[in-house]
Structure formats: structure tokens, C-alpha cells
Amino acid sequence: MATRTATTPDRILERAEQLRRGRDLAFRDQIVESIYADAQAIAERAVRRGKPAGPTWDERLDRVLTSRLWGFPIMLLGLAAIFWITIVGANYPSRALAFLFFEVEEFAAGLFASLGAPWWLTGFVWHGVYRGLAWVVSVMLPPMAIFFPTFTILENLGYLPRVAFNMDWLFKKVGAHGKQALTMSMGFGCNAAGVIACRVIDSPRERLIAILTNNFVPCNGRFPTLIMLATIFVAAAFPPALASFAAAGAVVGVVLIGVFFTLLVSWVLSRSVLKGEASSFTLELPPYRRPNIGQILYTSIIDRTLFVLWRAILMAAPAGGAIWLLSNISVGGDSLTGWVSGFLDPLGRAIGLDGVILLAYIIAIPANEIVVPTIIMAYLGAGMMLELDSLTELQALLVGQQGWTLLTAVSLMLFSLLHNPCSTTIWTMYKETGSKKWTALGALMPLAIAFVVCFAVAQTARAVL
Amino acid sequence: MTSKRPKSIRRRRLPVVEPEARPRLGLRQLGIDTTDWDYVVALAGNPNTGKSTVFNALTGLRQHVGNWPGKTVARAEGGFEFEGDKYKLVDLPGTYSLLSASTDEEIARDFILFGRPDCTIIVADATVLERNLNLALQILEITDKAVICLNLMDEARRKGIRVNHKSLARDLGVPVVPTVARTGHGMDDLLRAAAGVASGGIRTQPHRISARGEAARSVDELARLLESAYPTLPNSRWVAMRLLEGDRRVEEAVRDGELADLVEEQSRAPEPAAHH
């Protein structure tokens, strides 16, 4: 027996199979137990605990921030505070930038004209491409420059894991992974980044749910839209002293609706196409860390603000050009903008919007950031020249001339929250899932939901009012 | 199925220099410059142990971040120079164990097993040592070339926890270096220990898990079989445990000869005798 041929790999595997037969689970348990027992013994020998000094300050802080009672109110208040600071703080720089940019536009257009440039060149370059860029920069830069550093401070302090801890049970209840609370928070920065962050979820089923629902939290490309609408329409309905708080509250409300839809859609998915149980995981609450100012400024200004702004500029320039062309090429007595938006108008009206807004959403598929600028360019392109150097004049344009109501604003906020993700996010979904089917679902499902919800809201509002 | 083994690591040795004659350069961060190196060091540990802080402290802020081949898990690499030798540092995904089949754990395990780093630095959180030891013990079953970086010593002190690193080193059989990576405290000692283990100057005798119950007998038997087939296999007991648990990846490595290749390579690898 002992003198048999040398031990071959097959022989080893065969013997392992024999030993294992039917008891691999028992073996597994015994081996895991052995590891834990050894770890415990070694740790006991090495660790001496001093007299229990009572809870440390961070344990005490955690008790409040993650308590059943205070956890959620503190989260909401914190979020509202960030929006409020952003809304109040962004107002003046926004106005100043817009003023500056439109002075330049007027001056340059005048210069072009005096040099004998043809009207269409001046129009295309300065009232099309340049105005698109100016809008994006003046509307988006100030809020981003305030919002991102503030949000990054919370991240750096270590608050986000506490948010995940607070929301864990909600996600578990709808059959999703607790870490989805984290990937959702990442989505506030950028949905594409949020989709990539879903890698932290191991189970493919729960990962897909997290990827497909990430779009329901507004990314920073959509925040400026929400903040602007809240400032113009919601704030206007309140006395000036309360206006900024009302606007911040409205944005928080939109975020909550987004979270609600995240949970609802996760629940539906985990009961239908992605059936299964929620897996458990260990969530560690890392210690609070002193935020590193240099790092915060770097991440929030370079990585986020300038990155988003640059992307918006890249997208806004061609969109500005396209909308100028569409508005200035006439076919059969009406501009192309007129034709297309006229065609889309009945559908738009049915969901509380109008044809121009839908057209803007189609043009803005590459980047959600430019929806509002596109809407304004389309309105303005139809002949009248108007200087938009402040939100007041924007309000005059939208309410006074285009007949926007509170319903339009609410519908637009909801549509902006729920509609299809931008093309970058769609592409990221495809790269992360490797499946055309899931990507298509991830793109079309939110769009369908947006239409249904806006339709329901518009019809209800019209029936009631 | 085609074998997709990671390209094994080849060493490029510098001309032999006696240790005393080496210029004492200390740490020099090389960031993403990992073109040629004398040693490969892996960085393992639980999540939230300050692993990235250690990584940044050693390599500098510029890092090369890519993906693990065929996986959607980020892989950070960097380099540093210590006492004249160049080191490539590979950041493994943070995991709590190497037992489950999650992608992160598979990547960490495969790199330590098949990538055969010259040293694995295991970053452990001193405030919750026991939980961190679960991972450390599993790594020590796979490789003897390891160093424990006992991090967050300041937090431990603040919480009134005192860790006797000498007792720990005695029990684990590998160097244990207390550190506060955030302030850079202890990083020099960590480098010296890692360099010693990588060059073979420090001999380790890692703790072996004492299997219990009937698993113990089966592990012993299978380990003996493995040793008779591969006399130089350093982690026969660990391979035996994996086979008993029905680990597909390890079964495959045994079947298609990948394990044999590893053993072969190890016995052929030039002894780093020049250092002592």
C-alpha cells in the first residue's frame, strides 16, 4: 500500500472529496470556530483594558446621531441647513456673475456687428453658444462652490456611515442591501459615481437594485434646477422673512420624495424581477475624524465643482448652438423650436409642463445641468431679447410671459427628480452591469415613473383647483 | 476554462551590496513610479483600520489606481524606496476574512496565494484587536512573509486599551509594529520590519490555527498528502483546509498544476542570501 505511486493531484483531490463527503459544512464550522478561538485567546493575552472610563465623547455623539428618536430629525435638519446656506449664499455671486457675463455678451455682439460680421454669426456665437455657457456658469458655479465643500465636510467628519446606519433598517425592509444607503448618498454628488459606488455591495441582486434606483436621488447637476425653482416659485409664496427657509424646505421635500421612490422601487424590484432576501452585513461606525481643510477644498472644488462645471460647459456649448439654430431656422413660417415644441406641447401640458420643457429635456440628455438654460434659451430665442441678470427677471420671463404656475414648477421639480438618468450615468450602468437589458430598464423605468407621477399630480391639481 | 493566473512576480535584483555599505536613505515616496522594483509588498487588513492612511504615508499622494483584472474592484498601487531598495506596494481590498466567496476576499486571497508578495503588511486596528486577528490568522496560514501593523494605537490609548505588542509578536510569530499612521508614528519601524521580512533577514514562524474536532484529523491527513506531493509547499495546512471546505479555486489550482508551479518557482527563486 505505502509503496504505491507518488501522490498525484488527482489522488489528493479524491481523498479530499472522500473526507469531505457530506460534511463540508461541519468542517467549515469547525475551521471557523478554530480561527475565532485562536484569535480570542491571542487577543486576551495581549490586550489589557484600563478601568472603564465611561463612554467617550464620540460614543456619546453616536448615541444621539444614530438614535431612533433623534437620528432622522438631525439628518433632515442638517440637509436643510446645507440647502439654506447654499440658497442664501449663492444669490449674490450668481447675480454678479450673470451681470458680468451679459455685459460681455452685449459688448462682444456689438463689436461683431461693428466689424461687419453677418447677423447669423453674431447670433450663433454670442446669443447661442456663449449665452449657453454664461448661463451654466452663473447659475451653477455659486451654488456648487458652496454646496460641495459643505457636503464634503460632512463626508470628512464621518457622518455618512451614520446616515447609512440610520437608514439600514429601511432598506432591509424593502429587500435591499443596507449599504444602499451609502451608495444613495454618493448619488447626491453624481449618479454615475453612485452607480460605481454600488461595487461595495457584494450580492449581485442587491447591487442591481442599488444601481437601478440610484437615479432617484437628485445629483448635483439637478440640484441647481431644484434650488432655482424652489427660490423662484416656492419662496415667492411666502413672506420674504421666511422665503429662504421655505425654499430650503422645498428642496428637502424633493429629496425625501426621491428617497421614498428609491425605497418603493427597490421594494417592487425585490418582490418581482430581483426576488430574494436581504443579506446581512457588518457596518462599522468609523471614528469621527478632524476634517482636513486642504483635502476638502481639493475634493470639492477640483474633483467636483470644476469637474461638473467643465462637463456642463462641454455639453452646454453645443446645446446652446443647437437651440439657437432650431430657433432661428424657419420652416413654413415657424421656427424649428416652434414646430417641435408645438408637437410635444399636448404631452407636456398633460403632465403639467409644456412642449419647450420637454424639448429641453431631450436636448439635455447628455447633461441634466443644462435643462433650465436650454428652456430659457428656447423661450428667448423666439424673437424677444431680454437680459437675464437676476432671478427676478427670470421670474418675470417664466411667470409673466410664459405663463408658468406653481404647478409647472412642482411638476418640473418632480420630473427633474424622477426622469431618466443622464447619458454618462446610463453608460456607467452599462459598464457596471454589462447588460443592455438592465441598462435599458435603468433608463426607461425612471422616465415612465416621471411621466406617471407628473401626470397624476397635474390632473389632480387641475381637478382640485 | 482557461487558467487566468495572475502573472507571477519576478524579481529584478540590484547588484549585490553589503548592507553596511548601503547608503541609509530612509523612506522615499515614489508615488506611481513602479516601473522597476526589488520587492513587492501587499497591504491587507480589515476596513476602517487606516489601511489607506498607511498606503498614502508610504507611497505619497500620487497613486496608480486601476481595476483588478476582470473585476470591478479598484486596485491602488504605488511605490517607495527604503534604504536603497525599491518596493512596489499593492493595496488589497479591505476585508474581514478570507473565507467567503465575495469578490473582495477572493482578490485579496488570490493575490497573497498566487501573487506571492515578498511581504504582506497586515494593518490591524488596536482598539478591536480580536476581530482583526481573525483575518491576520487566516493570512498567516497562507504566507509566512508577513508583518502586523498595529495601527490606531492613539485611539486605543484614548479608550484605555493597552496592547502588549511583544506578547502579540510572540503568539503570532511575525513582527508586530505599533503605529499611528495618521501622524506617521512607527512607520520607520514598520518599513524596517517589512524590509527584513521581504529580504529574508527576519525569519518568521507564523502561528498555525489549531483545528478542532474531526476537522483536525482530516486536515492533518490531507496536509501530509500535499507535503508528499509538494515537499516545499509552505502552506499545506491551509490548502488542506480549503480543499476540505470544497474551495473551487484551490481545487482548480491543484488540478491544473498551478500549485505545483508556485512550489517550483519558490524552490528555484534565488535565496536573498546577499543580505546576511
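Treat the numbers as computed from the prediction; the structure is a model and nothing was measured. First the proteins, then the strands, lettered A, B, ... as listed; each starts at 1.
From Leu222(B), atom CG reaches atom CD of Gln18(A) across 10.5 Å, with rounding to the nearest 0.5 Å. Here the CD1 atom belonging to Ile42(A) is positioned 7.5 Å from the CG atom belonging to Leu168(B), to the nearest 0.5 angstrom. Rounding to the nearest 0.5 Å places CD1 of Ile35(A) at 7.5 Å from OG of Ser97(B). For the atom pair CG (Leu244(B)) and CD (Glu17(A)), the distance works out to 10.5 Å, reported to the nearest 0.5 Å. One distance of note links CD1 of Ile12(A) with OG of Ser236(B); it measures 10.0 Å at 0.5 Å rounding. Annotation: the span from Gln30(A) atom CD to Glu245(B) atom CD amounts to 10.5 Å, rounded to 0.5 Å.
Between Arg45(A) and Asp171(B), some side-chain heavy-atom pair lies under the 4.5 Å cut-off. Between Asn134(B) and Asp38(A), every side-chain heavy-atom pair lies at or beyond the 4.5 Å cut-off. Side-chain atoms of Glu44(A) and Glu130(B), non-hydrogen and from C-beta on, never get closer than 4.5 Å to each other. Ile31(A) is not listed as a side-chain neighbour of Ile209(B), based on a closest heavy-atom distance of 4.5 Å or more.
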Chi angles and distances behind the side-chain contact (heavy atoms from CB on, under 4.5 Å) call for Leu13(A), Arg255(B): CA-CA 8 Å; Leu13(A) 290 175; Arg255(B) 186 173 298 118; 3.7 Å; yes
Criterion side-chain contact (heavy atoms from CB on, under 4.5 Å) on Asn164(B) and Arg48(A), from CA distance to verdict: CA-CA 8 Å; Asn164(B) 182 344; Arg48(A) 288 276 167 280; over 6 Å; no
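Heavy-atom pairs under 4.5 Å with chain A were tallied for Gln138(B), Arg182(B), His207(B); the largest tally goes to His207(B). For the set Met241(B), Glu221(B), Glu141(B), the count of heavy-atom pairs under 4.5 angstrom toward chain A peaks at Glu221(B).
Looking at residues two or more places apart in sequence or on another chain, you find a salt bridge (Lys or Arg N to Asp or Glu O under 4.0 Å) between Glu155(B) and Arg158(B). The side chain to side chain contact (heavy atoms under 4.5 Å, CB included) test applied to Pro9(A) returns Tyr230(B), Val254(B), not counting sequence neighbours.
If you measure heavy-atom distances from His165(B) to chain A, you find no contacts under 4.5 Å at all. At a 4.5 Å heavy-atom cutoff, the contact between Leu243(B) and chain A is made by backbone and side-chain atoms alike. For Leu172(B), the part sitting under 4.5 Å from any heavy atom of chain A is the side chain, from C-beta outward, and nothing else. Interface residue Arg208(B): only backbone heavy atoms are found under 4.5 Å from chain A.
Taking a 6.0 Å sphere around CZ of Arg75(B), one finds it holds more than 12 heavy atoms contributed by other residues, nucleotides or ligands. Summarising the local packing, OH of Tyr159(A) is surrounded by more than 12 heavy atoms from other residues, nucleotides or ligands at distances under 6.0 Å.
When all heavy atoms of Leu137(B) and Ala39(A) are compared, the closest pair comes out as CD1-N, 3.5 Å.
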